[in-house]
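Since the model is a prediction, treat every value here as computed from it, not as a measurement.
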Protein chains: 4
Amino acid sequence: MEARSDSAEQEEAVKRPSRRTFTEAARRAQIVNAAIEVIADAGYAKGSFARIAREAGLSSTGMISYHFAGKDDLMREVVAEVSRVAEAYVRPRMEERTGARARLRAFIEASVGLAGAYPKHLPAMIDVLAHLRDDDPSRHGLLGTVDSAADVQVERMREAQRSGEFREFDPRVMVTAIRAAIDATVTRAGREPGFDAAAAGRELADLFDHATRSAER
Amino acid sequence: MEARSDSAEQEEAVKRPSRRTFTEAARRAQIVNAAIEVIADAGYAKGSFARIAREAGLSSTGMISYHFAGKDDLMREVVAEVSRVAEAYVRPRMEERTGARARLRAFIEASVGLAGAYPKHLPAMIDVLAHLRDDDPSRHGLLGTVDSAADVQVERMREAQRSGEFREFDPRVMVTAIRAAIDATVTRAGREPGFDAAAAGRELADLFDHATRSAER
Amino acid sequence: MEARSDSAEQEEAVKRPSRRTFTEAARRAQIVNAAIEVIADAGYAKGSFARIAREAGLSSTGMISYHFAGKDDLMREVVAEVSRVAEAYVRPRMEERTGARARLRAFIEASVGLAGAYPKHLPAMIDVLAHLRDDDPSRHGLLGTVDSAADVQVERMREAQRSGEFREFDPRVMVTAIRAAIDATVTRAGREPGFDAAAAGRELADLFDHATRSAER
Amino acid sequence: MEARSDSAEQEEAVKRPSRRTFTEAARRAQIVNAAIEVIADAGYAKGSFARIAREAGLSSTGMISYHFAGKDDLMREVVAEVSRVAEAYVRPRMEERTGARARLRAFIEASVGLAGAYPKHLPAMIDVLAHLRDDDPSRHGLLGTVDSAADVQVERMREAQRSGEFREFDPRVMVTAIRAAIDATVTRAGREPGFDAAAAGRELADLFDHATRSAER
DNA sequence: GATGAATGAGGCTTCATTCAT
DNA sequence: GATGAATGAAGCCTCATTCAT
């Protein structure tokens, strides 16, 4: 039955998410932020639609299902949103520095400093990603951003090693350690009331500066 | 990993085994091990009583409720069991070395090496602890073990700083970073098939050796 | 299939088309055809407004509610549309034959042959009617068409029995059997890829010819 | 973790459904009968767990989920139960007759007569099977019994044709028609209060006797 | 000690329908 | 006329826990 115009319309709806209404975009953002709030505060396990809906001031969980294809879709959006915010915060702070050492320091300090500006964002994302399993079908989509960011970092470290700025070490292990240390520190910052995130950021930066720089500094 | 000070929790189970019959102890151990297996393989979220009971070869979940006061109780026992195993594995490997540097190295290598001997234990514990929240009533009991172990490590680092063996840094941040790096590496080891845990352990030990030692080494 | 007496229902739609604008009529037809498509392909249970709207290339289900008083109304229209199409297909093929035997044969063959021309129509209607229950408020409106068509057939059979062309039997049972056999055959035709509907139509016609004709043929 | 005894126990639970408790068997039967009742009375679409639970006098739908693996499992059991009852009713009535004609007649009369003894059973089964789609994963399991029964009938007809007892016709079309006619008649019997099922059974038997027997009877 | 039946809350999702724009 | 956001009921299912046996 008029399959031609049918598929034409579907194409638009499916392949162009930018065609979203203003209202829809606002609602999605509202729900994503409520999800970040809830997950950061109470953990992924408590991040039910019911609780997120309550946090967002919605009348029912059906509302969330209406705006998102499913829980995976919502979680994917949470990760995307946090990635976006983190990228926007960290990248410029890195780019105003030169040299691998200075840039690594900037990366770490900015990442931890993000906890001051958006205290809920990173903890929420960490919790979401921690719940992914290898067999999870949504794993690939969610980790795409994160993994490729890690790959970039690994590559940068290799260059700094070739230039002699960094000592010899396994860059993958180092990147894993840095990411883990940042995440743990940010999580602590979110939970311990008087935690001095800026100071901890500087400490972490020192730590990995010592860990990476070559002997003849 | 330092089980010395988690005595309050373990007292009943360890120091007064006469309070429980042999059969009961065996059943509890069987269930705890099944829980470790399931949580390591499928994640905390999938660690329902139903699945643990199946893994343990039990015919119903009632059995678990019968032997444990509740899910919190079981999880507490999982953490305690992993702590016990880790302690037994790591401590002797540390004690045969002398000096803060060598001991830190031994601690890190042994912790990562544990993943070879008991691949499911640490990942399971990490998953359980990641699910604790501040408002969780079982938080205190569960974190007692872990937190006090961290306190001990912090204190040791302070001593090594006083003796000049370690440079000046915030020991809490360092301990957090070390713990996080170990956990992340162990988790990777559990998921990536060809991962060389021993090599990664040495890398991590190098990393934190560079990060902690004083300049005039 | 005899639409002659379903006038009450169709009066508005057919005899007073001026009551609806052209656009409205087109939209309704578009939706009804989408509904037929969906129900034939996926079954009544999957025939939700959402799916029908997607099939029709509409952007929301509100459109359907706007044009139809409710789901019952849409389903009634599906039945009416299929009845209309079937009537237009079957009636002329019957009328060019004479005698009860030839006409019965024409009716059966045409009904099954309809599956070639409109493969989705009859299956959709069968599915819709199968979902009606005695207590269903929309039952009367929907079955009016079909039941009265059956009444006409029963009456014709009685005549053929009086004229000696058909043997003695209960015409209601016979009509029920014929209808059921046609429906089952058409349904099979819609599902089994290589099914030869024309051959099956001839077989069915033979079957009921043997079943109805008087002994002294 | 004791994988040997584990798998041993699971084997029993999974591969030996006969190991079911008496209580469990009773509950399953109770639920299946409630499902038959509801589906026959209100249709497949209204056969929700909630309604079936109410009919069975259960406190919640969780009860049904506890005893059945899912809705598919329950529906499969409904079909199996009706098949069992129908087989037990029809087969002996067929076997006391000899000759293809007499047996066909016995089959039809017994099938329709079943509506007197178990008025809800066949209608419920028909409704369940009508809702299966080709892509339904449970389709194969459910249709196994029914399809193979049809195959047996087809084979018997071929034999009767070879022996000259039946005329030449396409046995598959005939079997489809007989099944459809029986189902439609039984459905009518369940809905029309004063319907004389026995008489209709005799009529149907006559109908298909005329339709199948060879000319030189 | 052990079993497994029962419970009721809560999970996510789909649905038909309404209504402001 | 048309849109799509919003609603709230109902759907199936899983869960931890309790209790009679």
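Between the CG atom of B/L58 and the P atom of E/dT3 there is a distance of 7 Å, rounded to whole Å. Following rounding to the nearest Å, B/M63 (CE) and E/dT3 (P) show an atom-to-atom distance of 6 Å. Counting to the nearest Å, the P atom of F/dT18 and the CG atom of B/D73 are 13 Å from each other. We find that CZ of B/R28 is positioned 15 Å from C1' of E/dG1, with the value rounded to whole Å. Regarding A/I52, its CD1 atom lies at a distance of 16 Å from the P atom of E/dG10, rounded to whole Å. Atom-to-atom, CZ of B/R54 to C1' of F/dT14 comes out at 12 Å; the value is rounded to the nearest Å. One interatomic measurement links the two molecules: CG of B/L74 to P of F/dC15, which rounds to 15 Å at whole-angstrom precision. Atom pair C/I64:CD1 and E/dT18:P shows a separation of 14 Å (rounding to whole Å applied).
The side chain of B/S65 places no N or O atom within less than 4.0 Å of a non-bridging phosphate oxygen (OP1 or OP2) of F/dA16. Regarding contacts with the backbone of E/dA5, a side-chain N or O of D/Y66 is found under 4.0 angstrom from either OP1 or OP2. For the OP1/OP2 pair of E/dG1 and a distance below 4.0 Å, the side-chain nitrogens and oxygens of B/H67 include no atom meeting the criterion. At least one side-chain nitrogen or oxygen of A/T21 sits closer than 4.0 Å to the OP1 or OP2 atom of F/dA5. An OP1 or OP2 oxygen of F/dC15 is reached within less than 4.0 angstrom by no side-chain nitrogen or oxygen of B/T61. Contact annotation: C/R27 does not reach the phosphate of F/dG1 (side-chain N/O to OP1 or OP2, under 4.0 Å).
Comparing D/F68 and B/G62 along DNA chain F, the residue whose closest nucleotide (by nearest heavy atom) sits nearer the 5' end is D/F68.
Here CZ of B/R28 is found 11.0 Å from CD of B/E81. Values are rounded to the nearest 0.5 Å. Annotation: the span from D/Y44 atom OH to C/H131 atom NE2 amounts to 9.5 Å, rounded to 0.5 Å. Taking CZ of B/R27 as the start and CG of B/L58 as the end, the distance is 5.5 Å to the nearest 0.5 Å. Taking CE of C/M125 as the reference point, atom CD1 of C/I36 lies at 9.5 Å (rounded to 0.5 Å).
Base pairing of E/dG11 is made with F/dC12, judged by Watson-Crick or G-U wobble geometry with both donor-acceptor distances under 3.5 Å. If you check E/dA20 for Watson-Crick or wobble pairing at under 3.5 angstrom, you find it paired to F/dT3.
Just one residue in the list D/K120, D/R54, D/E55 forms a side chain to side chain contact (heavy atoms under 4.5 Å, CB included) with D/V38, and that residue is D/E55. With B/M75 as the partner, the side chain to side chain contact (heavy atoms under 4.5 Å, CB included) test is satisfied by one option alone out of B/V32, B/V128, B/L129, B/D127: B/V128.
In this structure, B/S65 and B/F49 approach most closely via the heavy-atom pair OG-CE2, 3.7 Å.
Looking at the side chain of D/K71, the nearest of the listed nucleotides E/dT3, F/dC13, E/dT7 is F/dC13.
Counting heavy atoms from C-beta outward, B/D73 and B/R76 have side chains that approach closer than 4.5 Å.
Heavy atoms of B/S60 sit under 4.0 angstrom from at least one base atom.
Taking a 4.0 Å limit (strictly below) on heavy-atom distances, residues 42-50 of chain B reaches DNA chain F at B/S48, B/F49.
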